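This is a predicted model, so every value here is computed, not measured.
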Amino acid sequence: MEMFDLTLIWAFIIGFGIMMYVLMDGFDLGLGILYPFAPDEDARDVMMNSVAPIWDGNETWLVLGGAGLLGAFPLVYSVFLPALYIGVFLMLAGLIFRGVAFEFRFKSRRNRRWWNRAFCWGSAVAAFAQGAVVGAYIQGFPVEDFVYVGGAFDWLTPFSVLTGLGLMAGYALLGATWLILKSEGHVQDWAYKITPLLLALVLFVFAVISLWTPFINPLVRERWFGNMQLIWIFPFLALACSFLVYRSVQKRRESVPFLATIGIYVFTYLGLIVSKWPVIVPPNYTLWDAASAPESQLFLLVGMVFVIPIILAYTAWTYWVFRGKVRVGEGYH
């Protein structure tokens with residue numbers, strides 16, 4: 001098998017893994033962001049119980065994407081880690097705080113409010129760091145011969161701050177629609193109430209980022225305005241999914257808002273990929289520039305052939321086992 005084919009296969013695997021992580025871990029990060037605004041402690045119990053059986057399995061996709069990226073495109077790490085040390089550290093620290101809060105909140109009575117805060121702030125910091133990293137990737141890095149030559153805080157710009165806040169809003173929307181699907185009574189009513197507000201905020205940030213991006217990245221500007229063809233279908237489909245979220249909430253549908261929100265993420269993600277393709281290290285290093293040796297890619301691919309179906313199988317089984325509504329007073333713990 002030629003390196004060209006292997007490189008494309010690995011690009012698909014890593015892209016798929018990142019997308020799965022964003023979709024599957026995004027709604028529990030969103031629930032954490034919404035935690036301070038919940039109507040009462042019973043609602044917080046329902047929010048946490050709705051994701052307690054599945055949250056740690058969702059993060060498997062983050063490990064898969066990160067490990068695959070290191071094995072298949074090692075030169076990416078030589079740029080991304082020095083450029084994004086602080087952002088990645090903040091993300092991991094937030095995920096750790098959130099994970100600890102999952103286990104300790106249910107067993108604590110006197111200090112539960114502190115674990116509530118740990119869950120909220122851990123989720124918010126992790127979500128913001130992920131969005132800021134995406135923003136830094138969009139605007140590019142100062143690179144010479146695959147060596148990062150910028151400063152420690154070059155990733156933190158007004159644009160990356162906006163993308164960080166935008167991803168927080170997007171995750172909150174995903175969390176609210178997940179809560180519509182998994183809850184009932186006053187908790188579900190609250191989720192229905194806040195979803196249109198979050199949708200409006202997401203669309204506003206999405207519009208600002210879309211208008212700003214062409215001015216900071218010439219490749220994106222040329223891709224969108226130099227070839228105004230099928231690429232425009234992705235924002236159109238994302239807007240169509242946004243309208244579907246709004247209409248389904250008005251009609252008090254339960255599953256459609258969550259599925260439509262997933263659609264917003266999928267089409268936005270695909271739009272980002274085609275905007276940068278085939279660049280993997282901005283501004284101008286492609287997938288093939290950063291790829292490892294064909295023998296290394298093939299060796300790792302053999303393992304992935306076994307690992308990915310197992311992950312998909314146990315993930316599907318977990319969601320099936322813990323399907324249905326989460327009610328006040330009931331839960332995984």
Between [X] and [Y], which heavy-atom pair has the shortest distance, and what is it?
| X | Y | result |
| --- | --- | --- |
| Ala176 | Ala191 | O-CB, 3.6 Å |
| Gly32 | Phe119 | CA-CE2, 3.5 Å |
| Ala11 | Leu287 | CB-CD1, 3.9 Å |
| Met91 | Ala126 | O-CB, 3.8 Å |
| Val125 | Leu90 | CG1-O, 3.5 Å |

**OP:** Report the C-alpha separation of Gln139 and Ser160 in whole Å, then their side-chain angles, then the decisive distance to 0.1 Å, and conclude whether the side chain to side chain donor-acceptor pair (under 3.5 Å) test is met.
**Re:** CA-CA 8 Å; Gln139 64 189 12; Ser160 66; 4.8 Å; no
Subject >> Audit row: His186, Asp42, side chain to side chain donor-acceptor pair (under 3.5 Å) steps and yes/no >> reply: CA-CA 10 Å; His186 78 287; Asp42 286 338; 5.7 Å; no
Between [X] and [Y] (judged by ring centroids, cut-off 6.0 Å), do the two rings come close enough to count as a pair?
| X | Y | result |
| --- | --- | --- |
| Phe258 | Phe27 | yes |
| Phe16 | Trp61 | yes |
| Phe159 | Trp212 | yes |

Original post:
Do the side chains of Met20 and Asp25 get nearer than 4.5 Å, heavy atoms only?
Top reply: no
Original post:
Thinking salt bridges, do Glu41 and Arg113 make one under a 4.0 Å N-O criterion?
Top reply: no
Original post:
Stepwise, does the side chain to side chain donor-acceptor pair (under 3.5 Å) test hold for Tyr192 with Glu254?
Top reply: CA-CA 9 Å; Tyr192 274 123; Glu254 293 192 338; 4.9 Å; no
Subject >> side-chain contact (heavy atoms from CB on, under 4.5 Å) partners of Ser242, counting only residues at least two apart >> reply: Leu199, Leu203, Ile264
